[in-house]
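Quick notes on the structure that follows.
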Amino acid sequence: MIAADTTISSVKKNPALAYLSRLGSARSVITISNCLKHIANILGAKDIESSDWSKLKRTHWTEIQKKLSAQGCCGSTQNLYLTAFKTVAKEAWTLDQLPQSSYLKIQALKD
């Protein structure tokens, strides 16, 4: 969940926090926040705030998907993670943090 002390400027700088701030329900925030924390951990960060989302690459999804499969996650859970991954990439691109070429390659991933 977005911490109470999260500032507006950090939301504007962090694509994952920007994504979470746009979600409508508290339950969605919790669900996607957990997905993004797990993704950040898989990619080597300790949490959403410290993850460098501007470095996302299509190849990261392969790594994430392998971990999820190894943990026994079903297809629908993997699709939820993919949607979160793609949406953070879109937010990063929108904030001019992710090159368009990386963004387009990520968006081309199939559910």
Side-chain angles (χ1 to χ4, degrees):
M1 180 142 19
I2 299 177
D5 62 346
T6 302
T7 64
I8 291 174
S9 68
S10 65
V11 169
K12 289 182 180 179
K13 293 177 187 174
N14 186 311
L17 295 178
Y19 173 26
L20 292 172
S21 73
R22 291 188 304 101
L23 293 172
S25 74
R27 185 167 178 86
S28 294
V29 171
I30 291 167
T31 300
I32 299 302
S33 179
N34 287 333
C35 288
L36 295 176
K37 284 178 197 173
H38 196 197
I39 289 170
N41 292 155
I42 291 170
L43 297 179
K46 70 174 189 159
D47 55 31
I48 293 170
E49 291 82 5
S50 65
S51 185
D52 188 354
W53 302 104
S54 69
K55 304 279 190 234
L56 289 179
K57 303 274 185 243
R58 182 183 174 106
T59 55
H60 288 136
W61 176 245
T62 304
E63 183 181 342
I64 294 162
Q65 192 174 33
K66 282 181 187 176
K67 288 266 187 183
L68 294 174
S69 291
Q71 293 169 351
C73 293
C74 65
S76 61
T77 299
Q78 291 182 34
N79 285 339
L80 176 65
Y81 274 75
L82 177 58
T83 298
F85 180 77
K86 289 168 85 171
T87 305
V88 169
K90 182 177 183 177
E91 289 288 344
W93 174 71
T94 301
L95 293 168
D96 293 323
Q97 296 177 6
L98 186 67
Q100 184 175 13
S101 60
S102 295
Y103 166 69
L104 292 174
K105 289 173 186 173
I106 289 169
Q107 293 307 310
L109 290 165
K110 301 289 185 214
D111 293 346

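For reference, positions follow the sequence shown, starting with 1.
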Worksheet item: So Thr87 and Arg22, side-chain contact (heavy atoms from CB on, under 4.5 Å) or not? Walk me through it.
Response: CA-CA 11 Å; Thr87 305; Arg22 291 188 304 101; 3.9 Å; yes

Worksheet item: With a 4.5 Å limit on heavy-atom distance, are the side chains of Glu91 and Gln97 in contact?
Response: no

Worksheet entry | Separation between CG of Leu43 and CG of Asp52, rounded to the nearest 0.5 Å | 10.5 Å

Item to complete: Please round to the nearest 0.5 Å and tell me the distance separating atom CG of Asn79 and atom NZ of Lys86.
Response: 9.5 Å

Worksheet item: To the nearest 0.5 Å, what is the distance between CD (Glu49) and CG (Leu17)?
Response: 5.0 Å

Fill in: Heavy-atom pair of closest approach, residues Val88 and Pro15
O-CB, 3.7 Å

Discussion item. Working note: Ile39 + Trp53, criterion side-chain contact (heavy atoms from CB on, under 4.5 Å); need CA distance, chi angles, decisive distance, verdict.
Written reply: CA-CA 10 Å; Ile39 289 170; Trp53 302 104; 3.9 Å; yes

Worksheet item: Checking side-chain contact (heavy atoms from CB on, under 4.5 Å) for the pair Leu95/Lys13: CA distance, chi angles, key distance, verdict?
Response: CA-CA 7 Å; Leu95 293 168; Lys13 293 177 187 174; over 6 Å; no

Worksheet item: Sub-3.5 Å donor-acceptor pair from the side chain of Arg58 to the main-chain atoms of Lys105, do we have one?
Response: yes

Worksheet item: Distance only, no hydrogens: is a donor on one side chain within 3.5 Å (strictly under) of an acceptor on the other, for His60 and Gln65?
Response: no

Worksheet item: Between Ser25 and Ser28, is any side-chain donor less than 3.5 angstrom from a side-chain acceptor?
Response: yes

Worksheet item: Below 4.5 Å, heavy atoms only, C-beta onward: do Ser33 and Leu20 meet side chain to side chain?
Response: yes

Worksheet item: How are the rings of His38 and Tyr81 set relative to one another: parallel (under 30°), tilted (30 to 60°) or perpendicular (over 60°)?
Response: perpendicular

Discussion item. Less than 3.5 Å apart, any donor N or O on the side chain of Ser50 or Asp47 sitting next to an acceptor on the other?
Written reply: yes

Fill in: Qualifying residue for side chain to side chain contact (heavy atoms under 4.5 Å, CB included) with Leu80, from Leu68, Asn34, Thr31
Thr31

Response to the item:
Taken to the nearest 0.5 Å, the spacing of Ser69 OG from Ile64 CD1 works out to 12.0 Å

Discussion item. Rounded to the nearest 0.5 Å, what separates atom SG in Cys74 from atom CD in Gln78?
Written reply: 7.5 Å

Discussion item. A side-chain contact here means heavy atoms from C-beta on lying under 4.5 Å apart; do Phe85 and Leu36 qualify?
Written reply: no

Worksheet item: Heavy atoms, side chains only, cut-off 4.5 Å: are Ile106 and Trp61 in contact?
Response: no

Worksheet item: What's the shortest heavy-atom distance between Ile48 and Ala16, and which atoms?
Response: CG2-CB, 3.4 Å

Fill in: Distance (rounded to the nearest 0.5 Å) between Lys37 NZ and Ser51 OG
13.5 Å

Worksheet item: Under the side-chain contact (heavy atoms from CB on, under 4.5 Å) criterion, do Tyr103 and Leu56 qualify, and how do the steps go?
Response: CA-CA 8 Å; Tyr103 166 69; Leu56 289 179; over 6 Å; no

Discussion item. Between Trp93 and Ser102 (side chain of the first, backbone of the second, donor and acceptor by atom type, cut-off under 3.5 Å), is there such a pair?
Written reply: no

